[in-house]
Amino acid sequence: HRDLHSFPTRRSSDLDDMDLVTRLDFRSATTSQFGADVVISHIKSNDSGLYLLDETSGSLFRAQKSSKGFYEIDSSFQCGPGTYGVITLEKIVDFAMLPTNTRGYELLAVDAGGNLLYCQPGEEPVPGSIIPPEDEWGRIAAMSLDEYTLYVVDAENDRIWSYSGRDFEINAMAGIVFSSHPVDYLGTEEVDMGGALDIIVNKEDLFILHQDSHMTTCQYNAYRAENATECQDPTPYGDSRIGYEKNPLIYFDSAFRVIQETAYPNAALYILDNSNQAVLQFSYQLNLERTLKPQPSRTYPLPETEMTGLGVTPEKELFLAFGNQLYVADLP
């Protein structure tokens, strides 16, 4: 696009300002390495640790911050494919951090066939499942949990199903149990989910990120007479950078991979753009606020390989995964 290295530093920072670029100092996040074939995609966290999805095995890792500021992999943590009683869980395709619940589960994972796994440190995972709307699932591509409501994308059937959850205290039951009758979230709205990568749900707003970089947004309003859900597909982005299209529907020179959100104190959406080795930060109105890029560093040179994963924590740490390597920077 533009070769910044041929300019003196001042010129580079001027260009950065024009392009809404904020440079971050990334450093190695872990003390030990993940296995060579690990490809980290989704990274989420809560008080109990950092959780990372490995696309290759379809398993989850857990890491905890040490007193030295590095993350150490918890080798005892279990959350991945396998046979649990009568349920056989295939590769995990997505996961969500759970709200506080009586059984102490930290996260909920799902495979492409609608099997669930409730996981927490120091305990064996507990299986569950969501009842498919028809006879069977097509292919679950992503899920999102908004408080106690679970949203599931069936990419093959172009549908989104929602399940209301509640916290049970009965010993035999899992901590948060989801309704047996899913709600067809889209209703009469038609959205092509074939290339759906990821979804975010925040109260009445739902965002679907697609492989070609376009975004579908849907709003839910229970009082709307016709269909409670209204979608715009595609929804234009807002881009105030000089020399860029003001309201692009797609970013042609980008390869979007993952979307993440932060709610408090500053609500934003973060999208990993592998082509430009950047993280794009958008407002909930899809206006580009800034482009986060690594500060070139001799101390911690970043890998030359593809960016595969992204995570933003409540502590304002931004994680980037390059296959099996994990880097972290502090957000300003």
Side-chain angles (χ1 to χ4, degrees), residues 42 93-96 99 108-116 128-166 176-238 245 247-251 256-261 263 267-269 271 282-287:
H42 295 64
V93 292
D94 205 353
F95 72 102
L108 176 72
V110 68
D111 70 5
N115 299 301
L116 303 176
S129 61
I130 38 177
I131 293 169
E134 308 298 328
D135 301 332
E136 57 181 350
W137 291 101
R139 177 182 64 85
I140 293 176
M143 73 169 189
S144 182
L145 193 63
D146 185 48
E147 290 178 352
Y148 288 94
T149 306
L150 179 67
Y151 295 83
V152 178
V153 175
D154 187 336
E156 203 169 284
N157 295 321
D158 293 333
R159 299 322 288 158
I160 297 174
W161 299 95
S162 75
Y163 294 80
S164 56
R166 43 189 276 244
I176 291 178
V177 177
F178 297 98
S179 55
S180 53
H181 297 292
V183 174
D184 181 353
Y185 172 82
L186 291 175
T188 56
E189 291 286 280
E190 289 186 17
V191 178
D192 180 358
M193 299 282 185
L197 286 176
D198 216 346
I199 63 164
I200 295 280
V201 183
N202 184 300
K203 309 286 184 282
E204 287 75 40
D205 296 306
L206 183 140
F207 301 84
I208 306 158
L209 180 67
H210 299 264
Q211 272 166 353
D212 65 359
S213 85
H214 90 265
M215 187 83 78
T216 305
T217 56
C218 300
Q219 273 81 34
Y220 180 82
N221 178 351
Y223 302 105
R224 199 180 280 128
E226 268 47 284
N227 191 37
T229 302
E230 205 169 66
C231 296
Q232 187 176 5
D233 179 34
T235 300
Y237 295 97
E245 195 185 328
N247 294 110
L249 294 174
I250 57 178
Y251 281 99
F256 288 176
R257 280 266 171 95
V258 190
I259 184 170
Q260 276 242 350
E261 65 169 338
L269 299 170
I271 299 177
F282 289 91
S283 69
Y284 273 88
Q285 290 70 46
L286 295 189
N287 292 318

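Keep in mind that the numbers below use all heavy atoms, side chains included, and drop hydrogens, waters and symmetry copies.
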- Task: Step by step, work out the side chain to side chain contact (heavy atoms under 4.5 Å, CB included) result for Leu116 and Phe95.
- Result: CA-CA 9 Å; Leu116 303 176; Phe95 72 102; over 6 Å; no
If you measure from [atom1] on [X] to [atom2] on [Y], what distance do you get to the nearest 0.5 Å?
X: Leu108; Y: Leu150; atom1: CG; atom2: CG; value: 6.0 Å
X: Ile130; Y: Tyr163; atom1: CD1; atom2: OH; value: 4.5 Å
X: Ile176; Y: Ser164; atom1: CD1; atom2: OG; value: 12.0 Å
X: Ser129; Y: Asn115; atom1: OG; atom2: CG; value: 6.5 Å

- Query: For Glu156, what residues pass the salt bridge (Lys or Arg N to Asp or Glu O under 4.0 Å) criterion, not counting sequence neighbours?
  - Reply: none
- Item | salt bridge (Lys or Arg N to Asp or Glu O under 4.0 Å) involving Asp184 - partner list, sequence neighbours excluded | Arg159
- Taking it one step at a time, do Ser283 and Gln285 satisfy side chain to side chain contact (heavy atoms under 4.5 Å, CB included)? CA-CA 5 Å; Ser283 69; Gln285 290 70 46; 3.6 Å; yes
Checking [X] side chain against [Y] main chain: does a donor-acceptor pair fall under 3.5 Å?
X: Asn247; Y: Tyr237; answer: yes
X: Asp111; Y: Gly114; answer: yes
X: Asp154; Y: Gly138; answer: yes

- Indicate yes or no: at least one non-hydrogen side-chain atom of Met215 is less than 4.5 angstrom from one of Leu286.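 They are in contact (side-chain heavy atoms under 4.5 Å apart), so the answer is yes.
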Give every donor-acceptor pair under 3.5 Å between a side-chain atom in residues 196-208 and any protein atom, sequence neighbours left out.
unit_1	atom_1	unit_2	atom_2	d
Asp198	OD2	Ile259	N	3.2
Asn202	ND2	Glu261	OE1	3.4
Asn202	ND2	Tyr284	OH	3.3
Asp205	OD1	Gln219	NE2	3.0

- Message: Can you tell me which residue among Glu189, His210, Gln232 is in a side-chain contact (heavy atoms from CB on, under 4.5 Å) with Thr216?
- Response: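 Exactly one candidate clears the test, His210.
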- Query: Do the rings of Phe256 and Tyr251 sit parallel, tilted or perpendicular, given the 30° and 60° boundaries?
  - Reply: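 Tilted: the ring planes of Phe256 and Tyr251 meet at 30° to 60°.
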- Message: Could you walk me through whether Asp192 and Asp158 satisfy the side chain to side chain contact (heavy atoms under 4.5 Å, CB included) test, starting with their C-alpha distance in whole Å, then the side-chain angles of each, then the deciding distance to 0.1 Å, before giving a yes or no?
- Response: CA-CA 6 Å; Asp192 180 358; Asp158 293 333; 3.7 Å; yes
- Query: Who are the side chain to side chain donor-acceptor pair (under 3.5 Å) partners of Asn227, not counting sequence neighbours?
  - Reply: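 Partners of Asn227 by the side chain to side chain donor-acceptor pair (under 3.5 Å) criterion, ordered by chain and then number, come out as Thr188.
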- Query: Does any donor atom in the side chain of Asp212 or His214 lie under 3.5 Å from an acceptor atom in the other side chain?
  - Reply: yes
Over all heavy atoms of both residues, which pair between [X] and [Y] is shortest? Give the atoms and the distance, please.
X: Asp94; Y: Ala142; value: OD2-CA, 3.5 Å
X: Cys218; Y: Thr229; value: CB-CG2, 3.9 Å
X: Ala222; Y: Ala228; value: CA-CB, 4.3 Å

- Item | All pairs passing side-chain hydrogen bond (donor to acceptor under 3.5 Å, both in side chains) where residues 137-153 contributes a residue, at least two apart |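 side-chain hydrogen bond (donor to acceptor under 3.5 Å, both in side chains) check on residues 137-153 returns no pairs.
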- Query: Can you list every salt bridge (charged side-chain N to carboxylate O under 4.0 Å, His left out) pair that touches residues 222-238, not counting sequence neighbours?
  - Reply: Arg224-Glu230
